[in-house]
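What you see is a predicted model, and the numbers here were worked out from it, not measured in a lab. Naming: A, B, ... by sequence-line order, numbering from 1 per chain. Computation of the quantities below employed the complete heavy-atom set of this structure, encompassing side-chain atoms and omitting hydrogens, waters and symmetry-equivalent molecules.
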Protein chains: 2
Amino acid sequence: MLVKNNEWFSQPKNHCANCPSARYCLAHGLSDGEVAQFSRKIKHPRPRHKGEKFFMMGDSFNSFAMVHSGCVKSYVTSRGGEHQIIGFYMPGDILGLDGIASGEHRYTAEALETTSICELAFRDYEDLCNCAPSLQWRLLDALSQKMVAEQKMLLMLGKMTSEQRLANFLLDLSSCMAARGMSAQTISLPMSRSDIANYLGLVIETVSRLFSRFQVEGVLTVQRRIIGISDRTRLQAIAYNNCEDYCELDRVA
Amino acid sequence: MLVKNNEWFSQPKNHCANCPSARYCLAHGLSDGEVAQFSRKIKHPRPRHKGEKFFMMGDSFNSFAMVHSGCVKSYVTSRGGEHQIIGFYMPGDILGLDGIASGEHRYTAEALETTSICELAFRDYEDLCNCAPSLQWRLLDALSQKMVAEQKMLLMLGKMTSEQRLANFLLDLSSCMAARGMSAQTISLPMSRSDIANYLGLVIETVSRLFSRFQVEGVLTVQRRIIGISDRTRLQAIAYNNCEDYCELDRVA
DNA sequence: CGCTCTTATTGACCTAAATCAAGACATTGC
DNA sequence: GCAATGTCTTGATTTAGGTCAATAAGAGCG
């Protein structure tokens, strides 16, 4: 028994069992035993500091990565050298799903602050699927979910005004934070104004002006990167309709 | 022997084996035997005419659909009732991938011309995966590929000028046609100007003006929906850089 | 503390693309 | 044939958001 215990302790620890982000990452929904197996396959590369990259567009794709702590932005680069930010990744979010089809990463993943990730080699994923078939559906889920999120972005960039874009962005961020147990009312932005602008298809000046305007109108309180949502209903009205609901609210107010 | 032959003939025909689009759809890469099994699970709902829908945003998701002939557009609808076209689907393309995560369709799929599809129930897909495990990777591939395409759209909508958007759109359409054995030089557009405009985040007048301009500049020949690419190099220069390559070409010319 | 560097704000002005408005083709049905 | 209708083109004008430029406000550091 003691020997067995020693053996156990000398094995790699079951990180994932105690990881607060396992609720969102690929391991979500696995049984305890499966999580232990999963955990054994996870590699932890050195954390990256702000501005450092985990992988770049064009790198060969060998493994998924799940954010453990910190925050990551992904962006594609056009032939002209311009960047377009595609998404922000919070703890539990899965990086690298785009690489499956072509075998190479199609975007660059860069840390916004000191960030550590959990790597799962694609080959190990395939093996794990045999032991834990539900993992297979979990990945499909994740891909499909990411796809829906990107389709919302297409709607934003294609049809929405700058006001609507920022309002939607903040509301999404707020629920993302809430889902991770943080305050939904006060958001500490991990990204710069310039990142937000790029993500929303705007320029930094426009974003800055919008923050100021929303503050004057009493919708937000803004202290650099600390954003307080003072009037969520109003923010939702701006986000969703730009006119109808908003006017109704105006009449009531 | 004869009895057996009769039995064979009385079974549903192996559609997929002779389908020219099987080269692009979910069945791609399966062995002959697997294709036959796959084919047996396929349902063919009645074709839809122009403007009719296969499914709508919010409908419950039960099956994938692959375009057999014709062309489909997909769009999401905002709370304000505005549409944003997300993609166009040619023969072989897979519809409904967005529904996996939530169990409901997240966009509406509408025929652009008389269109027939091949349906594969999600349950049947799961069963097929047991007999043909490669199908599982094929679906991941398709999802990942679609994702990459959507990321390119984000770059277009976020960073590109109207000129660049239309040029990229036409080039993509051209290679899509070429991949399906049609002419890469002359494209017969299945969608209206208004659909193109919506897809590219522009208004119809802008698209119309661009077509006219490209025609005057000798890049395209335009006869309503028949578009000829007269100067592909120039079109690529417009699509990719808007300036540098373009100016180089100008100097050479 | 003052110096530099990065990030953010604010104002004045400009432009790409939207909006508004009027026709011009095609296509369909009567 | 000719209304009627949907699709597309073209011109005149407006505007949301971009560009350019100056300033401010932190953050890190010797």
Side-chain angles (χ1 to χ4, degrees), chain A residues 49-51 73 80 82-85 110-114 156-170 187-217 220-227 238 242-243, chain B residues 49-51 73 80 82-85 110 112-114 156-167 169-170 187-217 220-227 238 242-243:
Chain A
H49 296 295
K50 181 181 170 180
K73 69 176 170 184
E82 280 184 317
H83 293 169
Q84 171 67 43
I85 296 181
E110 184 182 318
L112 286 173
E113 57 193 59
T114 302
M156 292 239 274
L157 296 184
K159 285 271 161 306
M160 293 192 187
T161 65
S162 56
E163 274 191 336
Q164 289 180 289
R165 293 183 206 187
L166 186 62
N168 270 290
F169 172 72
L170 292 173
I187 306 171
S188 177
L189 297 175
M191 70 290 283
S192 69
R193 297 282 190 274
S194 140
D195 285 335
I196 298 174
N198 183 293
Y199 181 56
L200 297 178
L202 304 168
V203 295
I204 184 174
E205 294 95 326
T206 304
V207 170
S208 186
R209 271 184 257 268
L210 285 171
F211 272 124
S212 303
R213 177 133 50 98
F214 285 165
Q215 167 138 266
V216 170
E217 289 173 356
L220 299 178
T221 58
V222 181
Q223 297 163 271
R224 300 208 111 227
R225 294 196 182 180
I226 313 290
I227 310 295
I238 295 172
N242 197 30
C243 174
Chain B
H49 296 295
K50 182 181 169 180
K73 70 175 170 185
E82 281 184 317
H83 293 170
Q84 171 67 42
I85 295 181
E110 183 183 318
L112 285 174
E113 57 192 60
T114 302
M156 292 240 274
L157 296 184
K159 285 270 159 308
M160 293 191 187
T161 65
S162 56
E163 273 191 334
Q164 289 181 291
R165 293 183 206 187
L166 186 62
F169 172 73
L170 291 173
I187 307 170
S188 178
L189 298 175
M191 70 290 284
S192 69
R193 297 281 190 275
S194 142
D195 285 335
I196 298 173
N198 183 292
Y199 181 56
L200 298 177
L202 304 168
V203 296
I204 184 173
E205 294 95 325
T206 304
V207 170
S208 185
R209 271 184 258 269
L210 285 171
F211 272 124
S212 304
R213 177 133 50 99
F214 285 165
Q215 167 138 265
V216 170
E217 288 172 356
L220 299 179
T221 58
V222 181
Q223 296 163 274
R224 299 206 112 228
R225 294 196 182 181
I226 313 292
I227 309 294
I238 296 172
N242 197 31
C243 174

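Going from atom CD1 of B/I204 over to atom C1' of C/dG23 covers 14 Å, rounded to whole Å. Look at CZ on A/F211: it is 22 Å from P on D/dA24, rounded to the nearest Å. Between the P atom of C/dA8 and the CD atom of A/E205 lies a distance of 12 Å, rounded to the nearest Å. Between A/L210 atom CG and C/dA8 atom C1' the separation is 14 Å, expressed in whole Å.
Closest-nucleotide positions on DNA chain D for A/S162 and B/S208 were compared, and the one nearer the 5' end corresponds to B/S208.
A close approach under 4.0 Å does occur between a side-chain nitrogen or oxygen of B/R193 and OP1 or OP2 of D/dT9. Checking the phosphate oxygens (OP1, OP2) of D/dT10, a side-chain nitrogen or oxygen of B/S212 falls inside 4.0 Å. A/S192 has no side-chain polar atom (N or O) that falls below the 4.0 Å cut-off from OP1 or OP2 of C/dT7. Contact between the side-chain N/O atoms of B/T206 and the OP1/OP2 oxygens of C/dA18 is found at a separation under 4.0 Å.
In this structure, B/R225 reaches the sugar-phosphate backbone alone: every heavy-atom distance under 4.0 Å involves primed, P, OP1 or OP2 atoms, never a base.
Rounded to 10°, the helix from C/dC1-D/dG30 to C/dC30-D/dG1 has 30° between the axis fitted to its first five pairs and the one fitted to its last five.
Annotation: proximity of residues 195-203 of chain A to DNA chain D (heavy atom, distance under 4.0 Å) is found for A/G201, A/L202, A/V203, numbered in ascending order.
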